K.L.:
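Shown below is the structure under consideration.
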Amino acid sequence: MSKQIFTSNEKERITEAVAALEKESSGELVLYYAKNSDAYPGAAWKLTGMMGIAFTCIAIAMSYLWLLPSFFTPIVIALTILLVLIATYLIARFLPLLRVAVTSDSIVEHRVLTKARDMFLQEQVFDTVDRTGILIYISALERKVVVLGDSGINQKITQADWEDVVKLIVNGIKQKQMTNGIIEAVNACKNLLLENGFTIKPGDTNELPDAIRIEE
């Protein structure tokens with residue numbers, strides 16, 4: 001993204017929190033900050049269609065009630081509707097939040113989860129000796145957070161536990177303290193690991209980089 005998401009100091013603090021988790025437990029944690037999980041191109045067309053139908057209905061109603069000025073001939077009305085359609089599409093193309101707003105929650109949730117799973121594979125979170133990798137995925141556009149644990153961890157740690165971790169980051173974002181929320185979430189993951197017996201083992205190595213991944 002064009003503006004800086006995290007300062008150098010914030011990145012360092014996050015890296016230190018992840019390193020502390022991996023020094024005390026057998027877990028490996030990856031943080032991934034994405035600018036979005038999808039471009040939602042279909043939403044622009046959906047909004048355009050909605051505006052076209054609405055404007056056409058208004059024009060028909062005003063014409064029926066004799067409320068249209070005399071210069072609004074059928075050709076002028078058609079050209080006006082065409083301009084409305086073009087303007088709506090261009091506005092939607094340049095405003096990602098608007099596209100998300102007209103997309104159903106279920107589709108947004110699916111796209112976010114799908115990309116989180118893709119990043120789980122791309123960042124090789126699965127590639128640890130005891131399958132004890134954790135991905136914390138933050139999608140900025142959708143304002144969604146997903147936590148995915150590998151099979152070795154999910155035998156003991158439940159989805160409800162991960163949802164509690166998600167809430168820490170979401171609350172941090174709402175309070176404009178995202179870095180603090182992320183660090184609290186990392187510490188919560190560390191506590192979950194230790195409470196469930198995922199303690200450090202002899203010969204344990206740092207299998208995945210500690211720094212947060214930031215999607216440009």
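Hydrogens, waters and symmetry mates play no part in the numbers below; they use all other heavy atoms, side chains included. Since the model is a prediction, treat every value here as computed from it, not as a measurement. Counting from 1, the numbers follow the sequence of the chain as shown.
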K.L.:
Side chain of R99, backbone of A92: donor and acceptor closer than 3.5 Å?
P.N.:
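Indeed, once roles are kept as given, a pair shorter than 3.5 Å links the two residues.
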K.L.:
Check for a donor-acceptor pair, side chain of T132 on one end and backbone N or O of S26 on the other, with a separation under 3.5 Å.
P.N.:
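The answer is yes, because a donor-acceptor pair under 3.5 Å joins these two groups.
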K.L.:
When you measure from the side chain of R131 to the backbone N and O of F126, does any donor-acceptor pair fall under 3.5 Å?
P.N.:
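Yes, R131 side chain to F126 backbone: donor-acceptor pair under 3.5 Å.
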K.L.:
Between E22 and E28, is there a donor-acceptor pair closer than 3.5 Å when you use the side chain of the first and the backbone of the second?
P.N.:
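Such a contact is absent between E22 side chain and E28 backbone.
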K.L.:
May I ask whether I81 and M62 are part of the same hydrophobic cluster, defined by side-chain heavy atoms of I, L, V, M, F, W, Y residues being less than 4.5 angstrom apart, directly or through others?
P.N.:
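Yes.
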K.L.:
Within this structure, what is the OG1-CG distance for the pair T199 and L193, rounded to the nearest 0.5 Å?
P.N.:
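Rounded to the nearest 0.5 Å, the OG1-CG separation comes out at 10.0 Å.
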K.L.:
Under the side-chain contact (heavy atoms from CB on, under 4.5 Å) rule, what do I182 and I136 come out as? Steps first, then yes or no, please.
P.N.:
CA-CA 9 Å; I182 289 172; I136 295 180; over 6 Å; no
K.L.:
Compare all side-chain heavy atoms of V108 with those of V100 and state whether any distance is below 4.5 angstrom.
P.N.:
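With C-beta onward as the side chain, the pair touches.
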K.L.:
Check whether the side chains of T88 and T48 place a donor and an acceptor atom closer than 3.5 Å, and report yes or no.
P.N.:
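Short answer, no.
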K.L.:
Are K156 and F198 in a cation-pi contact, defined as NZ or CZ under 6.0 Å from the six-membered ring centre and within 45° of the axis?
P.N.:
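Yes, a cation-pi geometry holds between K156 and F198.
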K.L.:
Establish whether V84 and I53 are linked, either directly or via other cluster members, by ILVMFWY side-chain heavy-atom contacts under 4.5 Å.
P.N.:
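No, V84 does not connect to I53 through the hydrophobic network.
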K.L.:
Is there a donor-acceptor pair closer than 3.5 Å between any side-chain N or O of N154 and the backbone N or O of G149?
P.N.:
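Such a contact is found between N154 side chain and G149 backbone.
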K.L.:
Can a side-chain donor-acceptor contact be found between N180 and Q177 if the only test is distance below 3.5 angstrom?
P.N.:
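Indeed, the side chains of Q177 and N180 share at least one donor-acceptor pair under 3.5 Å.
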K.L.:
Could you check R117 against L121 for side-chain contact (heavy atoms from CB on, under 4.5 Å), going step by step and ending with a plain yes or no?
P.N.:
CA-CA 7 Å; R117 288 170 173 166; L121 297 176; over 6 Å; no
K.L.:
Determine whether L31 and L29 make a side-chain contact, defined as any pair of heavy atoms from C-beta on separated by less than 4.5 Å.
P.N.:
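Yes; the side chains approach each other to less than 4.5 Å.
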K.L.:
Given the rule that I, L, V, M, F, W and Y join up when any side-chain heavy atoms are under 4.5 Å apart, are V147 and L168 in one cluster?
P.N.:
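Not linked; separate clusters.
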K.L.:
When hydrophobic residues are tied together by side-chain contacts of less than 4.5 Å, even through go-betweens, does V186 share a cluster with L208?
P.N.:
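No, it is not one cluster - the side chains of V186 and L208 are not joined through contacts under 4.5 Å.
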K.L.:
Could you tell me which residues satisfy side chain to side chain donor-acceptor pair (under 3.5 Å) with E163, sequence neighbours excluded, listed by chain and number?
P.N.:
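Partners of E163 under the side chain to side chain donor-acceptor pair (under 3.5 Å) test: Q159.
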K.L.:
In the structure I gave you, are the side-chain heavy atoms of W162 and L148 within less than 4.5 Å of one another anywhere?
P.N.:
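No - every pair of side-chain heavy atoms lies 4.5 Å or more apart.
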K.L.:
Is D105 atom CG crowded by more than 12 heavy atoms from other residues, nucleotides or ligands, each under 6.0 Å away?
P.N.:
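12 or below, so no.
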K.L.:
Give every residue pair that meets the ring-ring contact (aromatic ring centres under 6.0 Å, His included) criterion with at least one member in residues 5-29, sequence neighbours excluded.
P.N.:
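Applying ring-ring contact (aromatic ring centres under 6.0 Å, His included) to every pair that reaches into residues 5-29, excluding sequence neighbours, yields F6-Y33.
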K.L.:
Starting at CD of Q175, measure out to CD1 of I173 and round the result to the nearest 0.5 Å.
P.N.:
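Answer for the CD-CD1 pair, Q175 versus I173, is 11.0 Å.
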K.L.:
How long is the gap from CD on E109 to OG1 on T114, to the nearest 0.5 Å?
P.N.:
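If I round to the nearest 0.5 Å, the distance is 11.0 Å.
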K.L.:
State whether the side chain of E24 and the backbone N or O of L21 hold a donor-acceptor pair below 3.5 Å, judged by distance alone.
P.N.:
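Side chain of E24 to backbone of L21, a donor-acceptor pair under 3.5 Å: no, none is there.
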K.L.:
Go through the steps for K201 and D130 under the test salt bridge (Lys or Arg N to Asp or Glu O under 4.0 Å), then give the verdict.
P.N.:
CA-CA 11 Å; K201 295 181 179 180; D130 296 319; 3.0 Å; yes
K.L.:
Taking it one step at a time, do K35 and L141 satisfy side-chain contact (heavy atoms from CB on, under 4.5 Å)?
P.N.:
CA-CA 6 Å; K35 60 182 180 180; L141 174 62; over 6 Å; no
K.L.:
If you compare all heavy atoms of A185 against all heavy atoms of I169, which two are closest, and at what distance to 0.1 Å?
P.N.:
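Heavy-atom minimum between the residues: CB-CG1, 3.5 Å.
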K.L.:
To the closest 0.5 Å, what do you measure between CD1 (I5) and OG1 (T7)?
P.N.:
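Going from CD1 on I5 over to OG1 on T7, the span is 11.5 Å.
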K.L.:
Are side-chain heavy atoms of I107 and S104 found at a separation under 4.5 Å?
P.N.:
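The answer is yes; the side chains approach within 4.5 Å.
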K.L.:
I'd like to know if M178 and I14 are part of one continuous hydrophobic network [Ile/Leu/Val/Met/Phe/Trp/Tyr, side-chain heavy atoms within less than 4.5 Å].
P.N.:
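Yes; tracing contacts between hydrophobic side chains, which count when under 4.5 Å, links both residues.
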K.L.:
Would you say E142 and Y40 are linked by a side-chain donor-acceptor pair, where the criterion is simply a distance under 3.5 Å?
P.N.:
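Side-chain D/A pair, Y40 to E142: present.
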K.L.:
Would you indicate whether the side-chain heavy atoms of V166 and V146 approach each other to under 4.5 Å?
P.N.:
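Result no, sub-4.5 Å side-chain heavy-atom pair not found.
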K.L.:
Can you find a heavy atom in the side chain of V125 that is under 4.5 Å from one in the side chain of D150?
P.N.:
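No - every pair of side-chain heavy atoms lies 4.5 Å or more apart.
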K.L.:
Do the non-hydrogen side-chain atoms of D118 and Q122 ever get within less than 4.5 Å of each other?
P.N.:
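Sidechains of Q122 and D118: no contact.
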K.L.:
Establish, from distance only, whether the side-chain atoms of D161 and T158 form a donor-acceptor pair under 3.5 Å.
P.N.:
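There is such a pair (donor and acceptor under 3.5 Å, judged by atom type) between the side chains of D161 and T158.
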K.L.:
So do L85 and F55 actually touch side chain to side chain, heavy atoms under 4.5 Å?
P.N.:
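No - every pair of side-chain heavy atoms lies 4.5 Å or more apart.
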K.L.:
So, does S139 use its side chain to make a donor-acceptor pair with the main chain of R143 at under 3.5 Å?
P.N.:
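Between the backbone of R143 and the side chain of S139 there is no qualifying donor-acceptor contact (under 3.5 Å).
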K.L.:
Which atoms form the tightest heavy-atom contact between T15 and A211, and what is the distance?
P.N.:
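Between these two residues, the closest heavy atoms are OG1-CA, 3.6 Å.
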K.L.:
Closer than 3.5 angstrom, by distance alone: can the side chain of T205 be matched with the main-chain N or O of E207 as a donor-acceptor pair?
P.N.:
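Here the side-chain-to-backbone pair does not exist.
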K.L.:
Just by modelled atom types, is the T179 backbone N or O under 3.5 Å from a matching donor or acceptor in the R13 side chain?
P.N.:
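Such a contact is absent between R13 side chain and T179 backbone.
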K.L.:
Please give me the minimum heavy-atom distance between I134 and C189, naming the atom from each residue.
P.N.:
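Scanning both residues, the minimum pair turns out to be CD1-CB, 4.4 Å.
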K.L.:
With rounding to the nearest 0.5 angstrom, report the CG to CZ distance, N36 to R111.
P.N.:
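Going from the CG atom of N36 to the CZ atom of R111 covers 11.5 Å.
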K.L.:
Could you tell me which residues satisfy side chain to side chain contact (heavy atoms under 4.5 Å, CB included) with N187, sequence neighbours excluded, listed by chain and number?
P.N.:
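With neighbours one apart ignored, the set is I183, K190.
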K.L.:
Mind checking the CG-CD1 spacing from N196 to I153? Nearest 0.5 Å is all I need.
P.N.:
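Rounded to the nearest 0.5 Å, the CG-CD1 separation comes to 9.5 Å.
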